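All figures in this text were calculated on a predicted structure; none of them were measured in a lab.
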Amino acid sequence: MATAAEWIEGARPRTLPNAIAPVLAGTGAAASIDGAVWWKAILAMLVSLALIVGVNFANDYSDGIRGTDDVRVGPLRLVGSKLASPTAVRNAAVLSLAIGAVAGLVLAVTTAWWLVLIGALCLAGAWFYTGGSKPYGYSGFGEIAVFVFFGLIAVLGTQYVQALRVDWVGLLLAIGVGAFSSAVLVANNLRDIPTDTEAGKVTLAVKLGDARTRTLHLVLLAAPFVISLALIASTPWALAGLLALPLAIRANAPVRTGKGGLELIPALRDSGLALLAWSALSALAVGLG
């Protein structure tokens with residue numbers, strides 16, 4: 001039976017910046033047009049955190065029962081390591097997604113009914129990433145999904161539920177957050193190319209190969225800093241986002257120097273930290289600017 005610490009590790013806390021960052025960015029974008037509503041920001045944060053924990057447990061469950069996680073070089077997986085039963089992990093996923101759904105329903109009821117449809121799309125995206133008979137995460141669409149769900153939808157959705165509209169500042173922040181979030185997954189899938197290939201999991205990294213995946217990671221980490229320059233049109237304080245550049249350089253170091261396996265884990269951690277720092281600094285800049 002898994003311990004509490006193992007359940008926490010199974011929830012993949014290193015991915016939490018991917019949930020926190022878009023809400024920070026979306027709230028900053030809402031504040032930039034005088035539309036920030038703090039109780040809605042808190043609910044949006046609950047939705048985002050619940051969804052990412054839910055998708056992590058769902059991924060653990062689906063990969064575990066398929067045998068994808070039988071041979072791993074990365075962090076602990078509950079089902080693959082047989083520390084928890086598939087049923088228990090599936091139930092944890094359903095509970096997390098249900099919490100996100102309830103919080104999202106409150107936001108929809110108090111904002112616009114059609115947001116229920118967006119919420120349903122997010123729940124389906126969370127489950128079918130590795131779940132179902134034809135999971136899209138096994139066909140190379142994982143990075144696109146992360147860009148859309150934890151970039152465009154999460155940032156612009158957070159801005160909309162507070163300000164009741166979106167603007168170009170929110171869109172640029174959403175693209176930056178989506179690029180960073182995708183970089184985290186690219187680093188993860190780069191590490192797993194050998195085992196995913198063996199298990200028949202055709203991620204984007206498997207399709208691109210080692211060298212081009214490393215180039216993609218660099219491009220995705222660079223994109224938000226170009227966006228920081230573009231955001232000067234909103235406020236010169238947007239240059240504060242460049243303060244996250246050292247973290248991004250550190251995140252890319254294991255990738256550009258050819259590291260593999262466990263040596264790539266710092267790339268995941270630091271990509272997430274760069275995401276969080278850039279989002280917080282950019283949100284503060286546009287919100288106050």
Do K259 and P266 have side-chain heavy atoms sitting under 4.5 Å apart? no
Decide side-chain contact (heavy atoms from CB on, under 4.5 Å) for V55 and F149; before the verdict, give the C-alpha distance in whole Å, the side-chain angles of both, and the deciding distance to 0.1 Å. CA-CA 12 Å; V55 76; F149 289 116; over 6 Å; no
To the nearest 0.5 Å, how far apart are CG in L121 and CG in L115? 12.0 Å
Is the closest side-chain heavy-atom distance between I175 and F147 below 4.5 Å? yes
Minimum heavy-atom distance G176-P224, with the two atoms named: O-CG, 3.5 Å
Say whether, by atom type as modelled, one donor and one acceptor occur between the side chain of S139 and the main chain of F141 under 3.5 angstrom. no
Between Y129 (side chain only) and N56 (backbone N and O only), is there a donor and an acceptor less than 3.5 Å apart? no
Relative to the ring of F225, is the ring of F180 parallel (under 30°), tilted (30 to 60°) or perpendicular (over 60°)? perpendicular
Following the transitive rule for hydrophobic clusters with a side-chain heavy-atom cut-off under 4.5 Å over Ile, Leu, Val, Met, Phe, Trp and Tyr, establish whether W38 and L24 coincide in one cluster. no
For residues V177 and A25, report the shortest heavy-atom separation together with the two atoms involved. CG2-CB, 3.9 Å
Look up atom CG in L239 and atom CD1 in I232, then write down how far apart they are to the nearest 0.5 Å. 4.0 Å
same_hphob_cluster(L152, I144) at 4.5 Å side-chain heavy-atom cutoff: yes
Show your working on side-chain contact (heavy atoms from CB on, under 4.5 Å) between Y61 and I65 and close with a plain yes or no. CA-CA 6 Å; Y61 165 75; I65 62 174; 3.8 Å; yes
Note, N18 side chain near L276 side chain (heavy atom, < 4.5 Å): no
Linking I/L/V/M/F/W/Y whenever any side-chain heavy atoms sit under 4.5 Å apart, do V89 and F128 land together? yes
Donor-acceptor under 3.5 Å (T158 side chain, V23 main chain): no
Using 0.5 Å steps for rounding, measure from the CG atom of L216 to the CG atom of L204. 6.0 Å
Under 3.5 Å, side chain of T110 to main-chain N/O of L107, donor-acceptor pair present? yes
Taking V166 as the starting point, is it possible to reach W168 by hopping between hydrophobic residues whose side chains are less than 4.5 Å apart? yes
Heavy-atom count around W237 CH2 within 6.0 Å, excluding the residue itself: above 12? no
Is the shortest side-chain heavy-atom distance between P22 and S48 below 4.5 Å? yes
Testing the basics here: between G100 and V47, what is the closest heavy-atom pair and its distance to 0.1 Å? O-CG2, 3.6 Å
Between I153 and I118, is a side-chain contact (heavy atoms from CB on, under 4.5 Å) present by the stated rule, with each step listed? CA-CA 8 Å; I153 291 178; I118 301 297; 3.8 Å; yes
Rounded to the nearest 0.5 Å, how far does CH2 of W127 lie from CG of N59? 10.5 Å
Are the side chains of L220 and E143 in contact, using a 4.5 Å heavy-atom criterion? no
Taking every heavy atom of L221 against every heavy atom of A183, the minimum-distance pair comes out as CD2-CB, 3.8 Å
Least distance between heavy atoms, A277 atom then L247 atom: CB-CD1, 3.8 Å
According to a hydrophobic-cluster definition based on side-chain heavy atoms being under 4.5 Å apart (Ile, Leu, Val, Met, Phe, Trp, Tyr only), do V255 and I265 belong together? no
In this structure, CG of L268 is separated from CZ of R14 (nearest 0.5 Å) by 8.0 Å
Is R77 reaching over with its side chain to a backbone N or O of D60, donor-acceptor style, under 3.5 angstrom? no
So, D167 side chain and G170 main chain: donor-acceptor pair closer than 3.5 Å or not? yes
Distance col, row K207:NZ vs T213:OG1, nearest 0.5 angstrom, shows 12.0 Å
Hey, does W7 have a side-chain heavy atom less than 4.5 Å from the side chain of L78? yes
State, yes or no, whether a side-chain contact exists between L51 and L123 at a heavy-atom distance under 4.5 Å. yes
Would I193 and T197 count as a side-chain contact (heavy atoms from CB on, under 4.5 Å) here? Give the steps. CA-CA 6 Å; I193 285 177; T197 301; 4.0 Å; yes
Has the side chain of Q159 got a donor or acceptor atom that lies under 3.5 Å from a matching backbone atom of A29? yes
Can you see which heavy atom on A251 is nearest to which on P254, and at what distance? O-CD, 3.4 Å
Could you tell me whether W39 atom CH2 has more than 12 heavy atoms of other residues or ligands within 6.0 Å of it? yes
Side chains of S282 and L173: closer than 4.5 Å at any heavy-atom pair? yes
Which side chain to side chain donor-acceptor pair (under 3.5 Å) pairs, counting each pair once, include a residue from residues 261-278, with sequence neighbours left out? H217-S271, S228-W278, R250-D270
Is D63 salt-bridged to K201, cutoff N-O under 4.0 Å? yes
